[in-house]
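To start, the structure under review is shown below, and the notes come after it.
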2 protein chains.
Amino acid sequence: MTAAPSDSVVLAWTRLERAHRAALGGVQTRLKKAGLPSLEWYDVLLELERAGPAGLRPFELQKAMLFAQYNLSRLIDRMEAAGLVARSAIELDGRGQVLHTTRAGRALRRRTWPTYAEAIQHAVGRHFSEAEARTLASLLGRLHRAVD
Amino acid sequence: MTAAPSDSVVLAWTRLERAHRAALGGVQTRLKKAGLPSLEWYDVLLELERAGPAGLRPFELQKAMLFAQYNLSRLIDRMEAAGLVARSAIELDGRGQVLHTTRAGRALRRRTWPTYAEAIQHAVGRHFSEAEARTLASLLGRLHRAVD
DNA sequence: TAGAGTTAAATGCATGTGCATCAAACTTGA
DNA sequence: TCAAGTTTGATGCACATGCATTTAACTCTA
């Protein structure tokens, strides 16, 4: 049995929803206007690049992005069809595969960043001081790490 | 031309995404397990109840919830079909309509709240002190209010 | 007050998502 | 070592969403 949430908690939750929708909408609109791929695609490319030459297994990517399994499976389908990522079999686990970005995928991500950065600044950055941004990031980080 | 976002800003944005997904996932799972309606349905019912006897026009609800117009239109279709909300014509504006909750809608919202509250506490509340929750709510509030 | 422009809401069609389930490979334990 | 259970990833089907467009009503201007 959990205690009832305080008013501040309920407010924080509600605003998390709304703030997220507001910021997301703003960012997506800007990316779309620039003819760039969606945020999800960017995130996949970034996570894969960060993973380095070892690449990432789909289930690892799934955990990192908090994506549903079936959802990620089909997202990778589309990105593979677009030539941005590559699946390759892995010898240690016959079920599994490893994902890598392609040259085109890395190029696209690089090309996307300036617009994305500007969108982030517009949707989020300009509303906060440096200290506030740090506080916000720190508080939100706790929620991310606590996935049950 | 906007300045480049600082690292803290980018981190805050990233964590907003992930924290939202984490918290949302947790809450939705709990509602689903209890056989209760989705968050969106709850939010619509709540907003309409808050609006009092005057009800709300779809476009007002849309702005409050940051929902896409076509999306809300069909969401209301479904909730109307389920007998939870009612559309009624408005005399001042022949295009428009007003939305109200039905008795069944209000009953459902009331019945949902305990589970929802517990889910909020689990997904959000338990990770923060009272002061932190207030800080978080306050920071997030700025993003919501700044929809362009 | 007619016509152009705007706003409110709905909808056809393509695409994306959720749920359940599946198949195949791995692990565990008697 | 074999059967039961688990993990990885894909997929059929229903439903939801996004985009573009439509219809109807309102507003504003000349």
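Numbered from 1 within each chain, the chains take letters A, B, ... in sequence-line order. The figures that follow rest on heavy atoms only: side chains count, while hydrogens, waters and symmetry mates do not. All values derive from a computational prediction rather than experimental measurement.
When side chains are defined from C-beta on, B:E60 does not count as touching B:E47, because their heavy atoms never get closer than 4.5 Å. Inter-residue side-chain proximity for A:R57 and A:L99 is flagged as unmet; no heavy-atom pair is nearer than 4.5 Å. Using a 4.5 Å cut-off on side-chain heavy atoms (C-beta onward), B:F128 and A:L139 make contact.
A close approach under 4.0 Å does occur between a side-chain nitrogen or oxygen of A:K32 and OP1 or OP2 of D:dC19.
Near DNA chain D, defined here as any heavy-atom distance below 4.0 Å, there are no residues from residues 47-58 of chain B. Of the residues in residues 68-89 of chain B, those with a non-hydrogen atom less than 4.0 angstrom from any atom of DNA chain D are B:Y70, B:N71, B:R74, B:R78.
Under the 3.5 Å distance criterion, with hydrogens and angles disregarded, no donor-acceptor pair is assigned to the side chains of B:T101 and B:E49.
Atom CG of B:D7 sits in a sparse spot, with 12 or fewer heavy atoms from other residues, nucleotides or ligands closer than 6.0 Å. The environment of CG in B:D77 is crowded: more than 12 heavy-atom neighbours from other residues, nucleotides or ligands sit within 6.0 Å.
With B:R111 contributing its side chain and B:L36 its backbone, the two residues share no donor-acceptor pair below 3.5 Å.
The nearest whole Å value for the distance from the CD1 atom in A:I90 to the C1' atom in D:dG9 is 13 Å.
Judged as a side-chain hydrogen bond (donor to acceptor under 3.5 Å, both in side chains), and not counting sequence neighbours, A:T102 has no contacts.
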Nucleotide-resolved protein contact map, nucleotides 22-29 of chain D, B/S/- at heavy-atom distance under 4.0 Å: --BBS---
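By the 30° and 60° cut-offs, the orientation of the rings of B:Y42 relative to B:Y116 is perpendicular.
Annotation: side-chain hydrogen bond (donor to acceptor under 3.5 Å, both in side chains) contacts involving residues 65-76 of chain B, sequence neighbours excluded, are absent.
On the nucleic acid side, DNA chain C contacts chain A at distances under 4.0 Å to non-hydrogen atoms, with the end points of that region at C:dG16 to C:dC26.
Comment: A:K33 does not engage A:E118 in a salt bridge, judged by the lack of any side-chain N to carboxylate O separation of less than 4.0 angstrom.
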Verdict with reasoning, A:L45 to A:T112, per side-chain contact (heavy atoms from CB on, under 4.5 Å): CA-CA 11 Å; A:L45 292 171; A:T112 301; over 6 Å; no
Stepwise side-chain contact (heavy atoms from CB on, under 4.5 Å) check, B:L75 with B:W41: CA-CA 8 Å; B:L75 176 56; B:W41 286 38; 3.4 Å; yes
